[in-house]
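Below you'll find the structure, written out as structure tokens, and then a few comments.
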2 protein chains.
Amino acid sequence: MLRLSKLTDYAVVVLTRLDDATDGGVLTAPGLAGATGLAEPTVAKVLKILAHAGLVEGRRGALGGYRLTRPLADMPLIDVITAMDGPIALTACVDNSFGVCESESTCPVRGRWDPVNEAIRRALSGISIADLAGPPAVVPHPEPASPVFVAG
Amino acid sequence: MLRLSKLTDYAVVVLTRLDDATDGGVLTAPGLAGATGLAEPTVAKVLKILAHAGLVEGRRGALGGYRLTRPLADMPLIDVITAMDGPIALTACVDNSFGVCESESTCPVRGRWDPVNEAIRRALSGISIADLAGPPAVVPHPEPASPVFVAG
DNA sequence: TGCAATCCGGACCTTGATGGTCCGAATTGC
DNA sequence: GCAATTCGGACCATCAAGGTCCGGATTGCA
Ligand code: SF4
Ligand code: SF4
């Protein structure tokens with residue numbers, strides 16, 4: 001259903017909670033688990049992946065924990081999605097991938113999905129995590145469609 | 001990876017092939033399978049789902065087959081995705097769904113995904129199947145981001 | 001110096017959805 | 001009446017995602 005993975009969803013929740021203590025302090029994985037209501041191993045896994053992508057920073061040892069590397073306003077949503085779910089790729093044939101699709105030779109839409117991917121990437125790049133956690137942002141219907149393709 | 005299902009991809013392929021004979025004629029499922037290089041049962045399944053959604057029309061009996069109900073230019077991509085993969089729903093908490101998420105009570109981003117869904121829906125509504133099958137449509141980078149949220 | 005707390009990395013298994021296949025029933029043209 | 005074709009549903013296999021667990025490394029404290 002064009003649904004992103006649960007881990008990505010949890011990542012956003014954890015990131016917003018992690019914003020509660022950004023002033024030098026760190027939060028532990030069990031602490032975040034308790035704050036978010038998620039299972040501890042799951043939160044730990046999410047934090048590990050986020051740390052691997054550089055979105056959060058982990059400090060080991062006693063009094064260790066996780067800390068944001070950037071304010072949430074400077075963290076676009078696409079970065080989180082890319083970190084958790086991998087790059088945006090609606091179909092198997094992206095960029096220059098071969099051999100993944102059985103009918104790549106006779107397919108008339110071979111490589112035509114790239115603009116669609118670009119459109120979604122652009123839509124997701126304009127949204128930051130702060131927008132998802134901030135005040136009840138209103139959607140003002142800015143423009144009807146902003147067409148991506150030029151009519152041939 | 002924010003990837004839509006293969007069936008949706010195949011649906012687009014079948015639809016573009018189905019456009020080859022729209023002038024009253026119909027195409028059979030095995031014929032389309034041969035033209036697309038996909039397995040016959042898979043094509044049949046795709047056509048059944050598309051027929052159920054009203055995107056194609058099936059005629060039974062001898063000399064039966066499938067036919068497009070609309071030109072591809074009037075068939076936005078989101079209709080095909082909705083027909084195959086169901087409605088666009090990035091997370092479990094869409095609109096007014098309860099009980100699906102375990103941490104729906106303590107989640108700070110509860111319901112905040114709806115604008116994101118809207119953004120993607122809008123991006124996908126501006127693209128038709130004809131754009132995917134037509135000439136090598138150029139992407140002109142119309143606007144940088146077209147922000148969905150208003151800065152609070 | 002020893003100990004406890006915490007992150008780190010990987011491997012493992014379980015589950016759910018998806019993809020793919022098949023068969024019987026209904027319908028239409030000859 | 002017969003053959004051809006779609007229609008509808010059920011069925012099973014496969015795969016990736018979700019979730020869990022353990023050992024090792026690092027840091028602060030007594
Ligand atoms: S080659 Fe065609 S069928 Fe294969 S993944 Fe690309 S668009 Fe889909
Ligand atoms: S309530 Fe929160 S955690 Fe649950 S699906 Fe919605 S955004 Fe995700």
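Lettering of chains follows the sequences in order, A, B, ..., and the numbering in each one begins at 1.
Remark: Ile49(A) pairs with Lys45(A), Met84(A) by the side chain to side chain contact (heavy atoms under 4.5 Å, CB included) rule, at least two apart or across chains. With sequence neighbours left out, the side chain to side chain contact (heavy atoms under 4.5 Å, CB included) criterion links Pro30(A) to Thr28(A), Glu40(A). Pro41(B) is linked by a side chain to side chain contact (heavy atoms under 4.5 Å, CB included) to Ala39(B), counting only residues two or more places apart in sequence or in another chain. Listed by chain and residue number, Thr8(A), Asp85(A) satisfy the side-chain hydrogen bond (donor to acceptor under 3.5 Å, both in side chains) test with Ser5(A) (two or more places apart in sequence, or in another chain).
Remark: C1' of dT6(C) and CD of Glu40(A) are 12 Å apart, rounded to the nearest angstrom. One can place CG of Leu4(B) at 12 Å from P of dT18(C), the figure rounded to the nearest angstrom. In this structure, the NZ atom of Lys45(B) is 6 Å from the C1' atom of dG19(C), given to the nearest Å. Here the C1' atom of nucleotide dT20(D) and the CD1 atom of Ile49(A) are 14 Å apart, to the nearest Å. Between the OH atom of Tyr10(A) and the P atom of dA17(D) there is a distance of 15 Å, given to the nearest Å. As a whole-Å value, the separation of Leu50(B) CG from dG8(D) P is 13 Å. Between the P atom of dG16(C) and the CZ atom of Arg3(A) lies a distance of 15 Å, rounded to the nearest Å. Look at CG on Leu2(B): it is 12 Å from P on dA17(D), rounded to the nearest Å.
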Do any side-chain atoms of residues 52-61 of chain B form donor-acceptor pairs under 3.5 angstrom with protein atoms, and if so which ones, sequence neighbours left out?
unit_1   : atom_1 : unit_2   : atom_2 : d
Glu57(B) : OE1    : Arg67(B) : NH2    : 2.3

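Using a 4.0 Å heavy-atom cutoff across all strands shown, Ala29(A) reaches sugar-phosphate atoms only and no base atom. Among the protein residues, Leu47(A) comes within range of no part of the nucleic acid, since none of its heavy atoms lies under 4.0 Å from any strand.
Atom-to-atom distance recorded for Arg112(A):CZ and Ile129(B):CD1 is 12.5 Å, nearest 0.5 angstrom.
The residue among Pro30(B) and Ser5(A) whose nearest nucleotide of DNA chain D lies closer to the 5′ end is Pro30(B).
Within the 4.5 Å cutoff, the side chain of Arg3(B) has no heavy atoms near those of the Leu90(A) side chain. Taking the side chain as every heavy atom from C-beta outward, Val116(A) and Thr91(A) never approach each other to under 4.5 Å.
Of all the residues in residues 52-64 of chain B, Arg59(B), Arg60(B), Gly61(B), Ala62(B), Leu63(B) reach under 4.0 Å from DNA chain C with at least one non-hydrogen atom.
Listed by first then second residue, pairs satisfying side-chain hydrogen bond (donor to acceptor under 3.5 Å, both in side chains) with a partner in residues 73-83 of chain B number zero, not counting sequence neighbours.
At dC8(C), one or more side-chain N or O atoms of Tyr66(A) fall inside 4.0 Å of OP1 or OP2 (strictly under the cut-off). In this structure, Thr42(B) reaches the dT21(C) phosphate: one of its side-chain N or O atoms is under 4.0 Å from OP1 or OP2.
For Leu7(A), the side-chain atoms get nearest to dG19(D) when compared with the rest of dG10(C), dG20(C), dG19(D). Considering only the side chain of Thr28(B), dT6(D) comes nearest among dG9(C), dG8(D), dT6(D).
Residue Lys48(A) places a side-chain atom within donor-acceptor reach of the base of dG10(C), judged by atom type and a 3.5 Å distance cut-off alone.
Bending across the helix from dT1(C)-dA30(D) to dC30(C)-dG1(D), expressed as the angle between its end axes from five pairs apiece, amounts to 10° (10° rounding).
There is no side-chain donor-acceptor pair under 3.5 Å between Thr16(A) and Asp19(A).
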